[in-house]
*Asks:* 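The structure follows.
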Amino acid sequence: MAAHPSSPSATVLPVAFYERPVVQVAQDLVGCVVHHGAASGVILETEAYHDSEAACHAYVGLTARTSVLLGPPARAYVYRSYGIHALLNAVCEADGVGAAVLIRALAPLGDLAGMRARRGFVPDARLCDGPGKLTQALGLDLEVHDTSLVDGPVRITPRASGFQDVRLVAGVRIGITKAADLPWRFCAAGHRGVSRPWPAGLLT
DNA sequence: CATGGGATTGACT
DNA sequence: GTCAATCCCATGC
């Protein structure tokens with residue numbers, strides 16, 4: 001952090017950014033930068049989830065698990081998947097609406113050495129090409145669940161240089177069985193560092 | 001209190 | 001292509 005003297009709060013995406021329709025936020029987040037400590041990466045892939053459709057955890061209503069999803073926007077929703085992986089989501093829309101954007105892939109940007117150490121020295125292109133991989137690379141765990149994305153340990157800043165006008169490729173969401181036909185997955189066109197399978201047209 | 005499923009990954013056939 | 005690892009929590013008896 002000492003190498004970056006600029007004030008973080010001045011450039012962090014504000015609460016109002018997240019307090020919008022979740023499918024819009026999912027698209028706008030591609031190209032933005034996630035920070036955790038010295039580690040950071042450019043978002044290459046997102047998915048939107050909303051409590052109006054069955055794939056969203058909040059579809060079942062208010063429970064201990066879904067209280068954060070249904071709470072105010074601009075907070076981190078982190079949960080464990082398959083007993084092993086921590087998945088990072090940004091809570092969106094108004095307080096009372098269950099909606100979040102799942103961050104599925106990053107282009108590694110800051111603290112590559114730390115990422116390599118935490119990920120076990122895989123090729124750099126594979127450091128953050130999946131939702132469980134990127135949380136491990138960033139050093140995130142469930143401890144950041146229900147923390148602020150504006151002034152908490154995890155922060156997201158606006159689109160990096162070279163990503164202001166990023167072209168998006170939409171596809172269906174990955175790894176779900178319910179509401180599997182909604183095209184709510186968004187990838188940065190031309191970037192191979194996204195999770196498999198690549199959506200049609202990614203490289204064209 | 002017991003059971004089962006899941007927004008994944010990596011290793012293996 | 002298949003499959004197991006392994007945690008949280010919703011559901012049901």
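The basis for the numbers below is simple: all heavy atoms, side chains too, and nothing from hydrogens, waters or symmetry mates. Chain letters run A, B, ... following the sequence lines, proteins first, then strands; residues in each count from 1. Keep in mind that this is a model prediction, so the values were computed, not measured.
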*Asks:* Rounded off to whole Å, could you give me the CZ-to-P distance for the A:R185 and B:dT8 pair?
*Replies:*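 After rounding, the reported distance stands at 10 Å.
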
*Asks:* So what does A:R104 touch, heavy atoms closer than 4.0 Å: a base, only the sugar-phosphate, or nothing?
*Replies:*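 Sugar-phosphate, no base atom in range.
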
*Asks:* Return the value, rounded to whole Å, for the distance between atom CG of A:L87 and atom P of C:dC8.
*Replies:*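 Atom CG in A:L87 sits about 14 Å away from atom P in C:dC8.
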
*Asks:* Starting at atom NE2 of A:H145, determine the distance to atom P of C:dC7, rounded to an integer number of angstrom.
*Replies:*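 These atoms are roughly 18 Å apart.
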
*Asks:* For DNA chain C, list all stems, counting runs of three or more consecutive pairs where every pair is Watson-Crick or G-U wobble with both distances under 3.5 Å.
*Replies:*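 Output for stems: B:1-6 with C:7-12, B:8-12 with C:1-5.
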
*Asks:* Check the side chains of A:Y77 and A:H57 for a donor-acceptor pair under 3.5 angstrom, ignoring hydrogens and angles.
*Replies:*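 Checked: A:H57/A:Y77 side chains pair up, N/O donor to acceptor below 3.5 Å.
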
*Asks:* Within the pair A:T63 and C:dA10, is there a side-chain N or O less than 4.0 Å away from OP1 or OP2?
*Replies:*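 Checking C:dA10 against A:T63, a side-chain N or O does come within under 4.0 Å of OP1 or OP2.
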
*Asks:* Of the candidate nucleotides B:dT9, B:dA7, C:dC8, which contains the atom at the shortest distance from the side chain of A:P131?
*Replies:*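 The closest nucleotide is B:dT9.
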
*Asks:* Compute the centroid of each ring, for A:F163 and then for A:H191, and state whether the two points are separated by less than 6.0 Å.
*Replies:*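 Distance test on ring centres: under 6.0 Å, yes.
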
*Asks:* Side-chain donor-acceptor pair under 3.5 Å between A:H35 and A:T157, yes or no?
*Replies:*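 Per modelled atom types, A:H35 and A:T157 side chains form a pair under 3.5 Å.
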
*Asks:* Distance between the P atoms of B:dG5 and C:dC3, in whole angstroms?
*Replies:*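 Comparing P positions in B:dG5 and C:dC3 gives a spacing of 16 Å.
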
*Asks:* Roughly how many Å is it from CD1 in A:I84 to P in C:dA4, rounded to a whole number?
*Replies:*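 From A:I84 CD1 to C:dA4 P: 13 Å.
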
*Asks:* Just compare B:dG6, C:dT11, C:dC9 and give me whichever is closest to any side-chain atom of A:R65.
*Replies:*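 Side chain of A:R65 sits closest to C:dC9.
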
*Asks:* Quick one: do A:R192 and A:D129 make a salt bridge, cutoff under 4.0 Å?
*Replies:*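 No, A:R192 and A:D129 are not salt-bridged.
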
*Asks:* Can the positive tip of A:R173 be found less than 6.0 Å from the middle of the six-membered ring of A:Y49, inside 45° of the ring normal?
*Replies:*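 Verdict for A:Y49: a cation-pi partner in A:R173.
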
*Asks:* What is the distance from OH of A:Y59 to C1' of B:dG5, rounded to the nearest Å?
*Replies:*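 Rounding to the nearest Å, OH of A:Y59 and C1' of B:dG5 are 17 Å apart.
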
*Asks:* Select base, sugar-phosphate, or nothing to describe what A:R119 touches, counting heavy atoms under 4.0 Å on all strands.
*Replies:*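 If one applies the 4.0 Å heavy-atom cut-off, A:R119 turns out to touch the sugar-phosphate alone, with no base involved.
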
*Asks:* Look at A:K178 and B:dA7 and indicate whether a side-chain polar atom (N or O) is within less than 4.0 Å of OP1 or OP2.
*Replies:*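 No.
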
*Asks:* Between A:H85 and A:L142, which has a closest nucleotide on DNA chain C that is more 5'?
*Replies:*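 Nearer the 5' end of the strand: A:H85.
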
*Asks:* Scan side-chain atoms only and decide if A:R75 and A:S148 contain a donor-acceptor pair under the 3.5 Å cut-off.
*Replies:*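 No, because no side-chain N or O of A:R75 sits under 3.5 Å from a partner of the opposite role on A:S148.
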
*Asks:* Check the geometry between A:Y82 and C:dA5 and answer yes if their rings are stacked (centres below 5.5 Å, planes below 30°), otherwise no.
*Replies:*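 No, the aromatic ring of A:Y82 does not stack with the base.
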
*Asks:* Between C:dA4 and B:dG4, how far is it from one C1' atom to the other, in whole Å?
*Replies:*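 16 Å, rounded to whole Å.
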
*Asks:* From CD1 of A:I174 over to P of B:dG6, roughly how many Å is that when rounded to an integer?
*Replies:*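 Taking atom P of B:dG6 as the reference, CD1 of A:I174 is at 16 Å.
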
*Asks:* For A:E47 and B:dA7, give me the distance from atom CD to atom C1', rounded to whole Å.
*Replies:*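 Rounding to the nearest Å, CD of A:E47 and C1' of B:dA7 are 6 Å apart.
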
*Asks:* Not counting sequence neighbours, which residues clear side-chain contact (heavy atoms from CB on, under 4.5 Å) with A:A76? List them please.
*Replies:*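 Per chain and number, A:A76 pairs via side-chain contact (heavy atoms from CB on, under 4.5 Å) with A:V78, A:L88, A:T147, A:L149.
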
*Asks:* In whole angstrom, give the distance that lies between atom CG of A:L102 and atom C1' of B:dA7.
*Replies:*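 Value for this atom pair: 5 Å.
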
*Asks:* Between A:R159 and A:D165, does at least one N-O distance fall below 4.0 Å, as a salt bridge requires?
*Replies:*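 Looking at A:D165 together with A:R159, the answer is no, because their closest N to O distance does not fall below 4.0 Å.
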
*Asks:* From the list B:dG6, C:dT6, C:dT11, which nucleotide is the closest neighbour of the side chain of A:T177?
*Replies:*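 Shortest atom-to-atom distance from the side chain points to B:dG6.
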
*Asks:* Nearest to the side chain of A:I176, which nucleotide is it out of B:dA7, C:dC8, B:dG10?
*Replies:*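 Per side-chain heavy atoms of A:I176, the pick is B:dA7.
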
